[in-house]
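Below is one structure, written out as structure tokens; comments come after it.
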Amino acid sequence: MTNTAYETIIGLEVHVQLQTNTKLFCRCSTSFGAEPNTQTCPVCIGMPGSLPVMNRQAYALGLKTAVALNCQIPEFTKWDRKQYFYPDLPKGYQISQFDLPMSEHGWLEISDPKGAFETKKIGITRAHLEDDAGKSMHDEAAGRSDSRIDLNRTGTPLLEIVSDPDLRSADEARAYLSELKLLLTYLGVSDCNMQEGSLRVDANINLHIAQGERTAATPIVEVKNMNSFRAVERALRFEANRQFESWQANPVELGSPGGHKTTRGWDDQMQITRIQREKEESSDYRYFPDPDLLPVTATEADVASVRGALGELPAALRVTLAKKYGIDAYDADVLVNQGRPLVAYFEELAAACDDGRRASNWVQQDVLRLLNEMDATIDQFPVTAAALGELLKFIAAGDIDNTRAKDVLQEMIDAQSSAAEAMAKLGIEKVDASDLESLCRELLAANPAVVADLKEGKMKAVGALIGQAKKQNPNVNPAQIKSICIELVKQL
Amino acid sequence: MSLIDSPATELLQLLKSAEVTAVEVTQAYLDQIARYDGRVKSFLSVGSERALEQAATIDQRRGRGEPLGELAGLPVAVKDVLCTDGWVTSCGSKMLADFVPPYDATVIARLKAADAILIGKTNMDEFAMGGSTENSAFFPTTNPWDVSCTPGGSSGGAAACVAASMAPLSIGSDTGGSIRQPAGFCGVTGLKPTYGRVSRYGLIAFASSLDQVGPLASTAEDAALLLRTIAGHDPLDSTSAPVDQPDYLANIDQPLDGLRLGLVREHFGPGLDDEVGAAVGQAIKEFESRGARVQEISLPHSKYAIATYYVIAPCEASSNLARYDGVHYGYRTDEAAMLADLAEERKQLAAAGDEAGLANLDSPLMRLYRLSRSEGFGPEVKRRIMLGAYALSAGYKDAYYVKALKVRRLIRNDYDAAFRDVDLIVGPTTPTVAFGLGEMVDDPLAMYLQDLYTVSANLAGIAGISVPCGMTSTGLPVGLQLQAPPFQEERLLRAAHMFQQATDWHTKRPTLAAETP
Amino acid sequence: MSLSKADVEKVASLARLKLTDEELSTMTRQLDQVIQYVQQLEELDTSGVQPMAHTADLANVFADDLLRASLPRDAALANAPKRDDECYLVPPVLGD
Ligand SMILES: [Mg+2]
Ligand SMILES: [Zn+2]
């Protein structure tokens, strides 16, 4: 989808909650959904005298992610206080990173198998560790005039991942988010649950509009409150159009009077963005190094050992799967995008049936469909890869056709049985070769018109015979009926 | 010698040998407090009942032959800057007048584990900001040597209560001289340990990179005794140093042979009171007569120390004190009155058609913050918050904050160079002795300049001690400051002890006039 | 450089303080005095000097990711100036 009128410039800021047992600077639980204010201590309440101590695992997960995002890891990093007043920020500052973040200058490659855009590398400006704020709840409906503050989430470790403004469309933004989420899931650093706030996205967007020789840039808008990838996509589409229309009505350029950056919130109900009230002095955070925390250093050897322990990540895995199992790039992409556990299932299945393509087809067409119907994940799928492999081997041996095999798989699920047991239950048995031949002879004898057609080379005519054969014996293999009949006609 | 005039080390022997009970010792100090603290006002709260209860328990345990902590039965007064579980910890501020911490500072936990008896919480300048204890939101403490004078600050209560024999041991905190200066003014021994030596966990922060907790006592030996209990690595404080703890008492009797003392040229210039200079000169002669070699050294950047300090400390303070917003704990303005005022302001602005005024009007939350903080903090705290917020704000940070951090390194470099030639640096603790109450309240800068000799140690993170070394003609104590390289508290204490073996300034006590009962 | 009342007012708002007119005048005079004094640092050449935020030469201080008991809710909320059974209460926070 190209638009010659303007180019859309998008950068994304993603906050990911790291999967630790405890908070970034204290040892309170990070688990979601507890009763309000039951997971706090003097440190995360910001009580006088309390001091932060950094969670080793949070730093390790942050570093792992940064390395996987191809970031440069500086030898020295420190933590700074970002100061602003808000009731869900009990210390009066967030502990974040300012001028010396733990990682910078990385990239993430995105592609679209459907070809909507070219494969490209999106720059990662930086990824840094910081602590989360709590939750402010305002419930006018209940007749309360006060906002209620829950500090359970306060201090949860976040990794803020900032992209360069390299994204050129809502499609690309969505692809970036999907690929990022996939990577984070493969790394096991976050559950990326958007509903629970484990992954939050803010977008910076503006337009570059050709003005004869030069390009005019519209004021940058930061879009917030997008609660799903679909919302991100829609908000960005909406915002690009809105900015273009606004430009046409009143061409204000970035940096000119009235052209400062603004913040807009996505209204999912109305499917529009709305201007948000600016936080006072939001630009003067008075960052300075947190005197309660010490710097962290990382040697090249540290980084190398993190890199060595990453395992195969999605981009590489796609190539590996296609090569190793002889499947299309598209299929490899679909499999990899389903996550590491599904890939493991696929690989086991491919090994069990010794046929990567068949395994790939069955996983994509049947396993995924069934998982979808069951609303389950692959770990919950009742048929093991070994058991399904047995069934696929029967298909390969010509003992059963694909269509019947689907019934068998359903039976395996319903009765929790093996492939052989399910086939027996359904009365499927291999038809003896001589029985098959005599059946075909009978059919040809009874259908002279079909024989005539076949002699004239109208091979489609054999279909009528297959139908009759199945009626007489549901276990016959249609492909075998077809080839035997054609062979017999030739001999006539 | 009465109980309350005995050094803590001697009391401890008496307790161990069961010549006195913890209840007797505790009661003796409580009696002294009851008799004299009405004038000295060193305590914000005295925990008589719980102290006596704890003392009785210790006596029982001792009677049963149970093992006891190393300070068992010794009363310790604690500056109200350290969080004490279940005991109001106000930090000398209206903001925290009702704050009851749900946890113990590490230093408090260690004192409890050592079976020390927490006798009371001592008065201080609000949030440890000040040098006279006049910035306490509750009342000023007076100097036991002359109640018309200040005891110094911010650990004024901590020093005064030791000087007035109301506690044998006391805990203070020192960000720019807040242990050493009041120790000097009150004629007691006060040690600021190396940054990282004592845990800051539970110490209500003023300026985190400068704050240290330390002991105040009658003698260097007693200070060593208390330091041994409170010092040591703490995993709850990231800045706590993972270094070995020497037994500060074990070798304190051994004189330091061939001690090399450095005399800071810049500390004997204009501004130094003649009598203070004379007493310090006499003290240095005393060291020389015991074999010390004295040489002049230079700390060329020391004249910038106050300027450096009064950028860094307020910057950190402005951030540390952002948490006091009337939401999660602490003082909150009268909300109903605040909302009514806002409504009235809005009405007037609307009537006047003042659109800009309406747009700029505080939201209720904003006004809640501003009023809670303005009413909860005293003027000196507000000044420092403002100073820090200004020095960190956009456009000024490099000129003030970053610049100060660079000068701070130069100051540290000066010390590192000096300590290649000398073992300890010696000089006056303060330019003058205790000044009169109210004398400097309206001149913050003059008050700041009082910290001339003490702030450098905090900026550099090194250790320093103040010991009494003389008296002025008006009967006020003079303090001698010794400074040591990082983690050389043992050397510092041995030198101080050596001095106290040779002199008796530390044994002098003021004559107190009791208040009418 | 000297400090104006407008500067001080701006900083007061940044620091969430509300000064009376009298306080504003006094504060402006006193802060300006300190700022003037502090400006003596400018005479020092500090090019090439690394800023020193910590005196301790320490790095890489971590705690293990092991749960410890949180405060009981009542203890956590005990000091709150305004609360209900579960939460801290503040005047309505609009937006977000
Ligand atoms: Mg952030
Ligand atoms: Zn916590």
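Hydrogens, waters and symmetry mates are skipped; everything else that's a heavy atom, side chains included, is used. The chains referred to below are lettered A, B, ... by the order of the sequence lines, with proteins before strands, and numbering in each begins at 1.
- Using a 4.0 Å cut-off between charged side-chain N and carboxylate O, C:Asp65 and A:Arg56 make no salt bridge.
- In terms of heavy-atom pairs under 4.5 Å with chain A, the best-connected choice from C:Ala53, C:Ala59, C:Ser70, C:Pro51 is C:Ser70.
- A:Tyr287 and A:Tyr285 have perpendicular rings, their planes meeting at more than 60° on a 0 to 90° scale where under 30° would count as parallel.
- When A:Leu293, A:Asn21, A:Thr20, A:Thr38 are compared by the number of non-hydrogen pairs under 4.5 Å with chain C, A:Asn21 comes out ahead.
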> When you look at A:His128 and A:Ser96, which way does the side-chain hydrogen bond (donor to acceptor under 3.5 Å, both in side chains) test go after all the steps?
Replying inline: CA-CA 7 Å; A:His128 72 248; A:Ser96 183; 3.2 Å; yes

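- Between A:Lys91 and A:Asp290 there is no salt bridge, since no side-chain nitrogen of the basic residue lies less than 4.0 Å from a carboxylate oxygen of the acidic one.
- Residue A:Glu35 touches chain C through both its backbone and its side chain, counting heavy-atom pairs closer than 4.5 Å.
- When each of A:Met47, A:Met54, A:Met137 is checked for heavy-atom pairs under 4.5 Å with chain C, A:Met54 comes out on top.
- Of the listed residues (A:Val43, A:Thr30, A:Asp150, A:Leu151), the greatest number of heavy-atom pairs within a distance under 4.5 Å of chain C belongs to A:Leu151.
- For a residue to count as touching a neighbouring chain, one of its non-hydrogen atoms must lie under 4.5 Å from one of that chain's; by this rule A:Pro295 touches chain C with backbone and side chain alike.
- For C:Leu66, the part sitting under 4.5 Å from any heavy atom of chain A is the backbone (N, CA, C, O) and nothing else.
- The part of A:Tyr59 that comes within reach of chain C is its side chain, from C-beta onward, which places non-hydrogen atoms under 4.5 angstrom from that chain.
- Scanning all heavy atoms of the two residues, the minimum distance from A:Pro90 to A:Cys44 falls at CG-O, 3.4 Å.
- Contact count versus chain C (heavy atoms, under 4.5 Å) is highest, among A:Gly92, A:Pro289, A:Ala298, A:Pro291, for A:Pro291.
- Classification of C:Lys5 and C:Asp32 as a salt-bridged pair fails, no side-chain N sitting under 4.0 Å from a carboxylate O.
- Using a 4.5 Å cut-off between heavy atoms, A:Pro87 touches chain C through its side chain atoms alone.
- For the pair A:Asp88 and A:Lys135, the salt-bridge criterion is not met [side-chain N within less than 4.0 Å of a carboxylate O].
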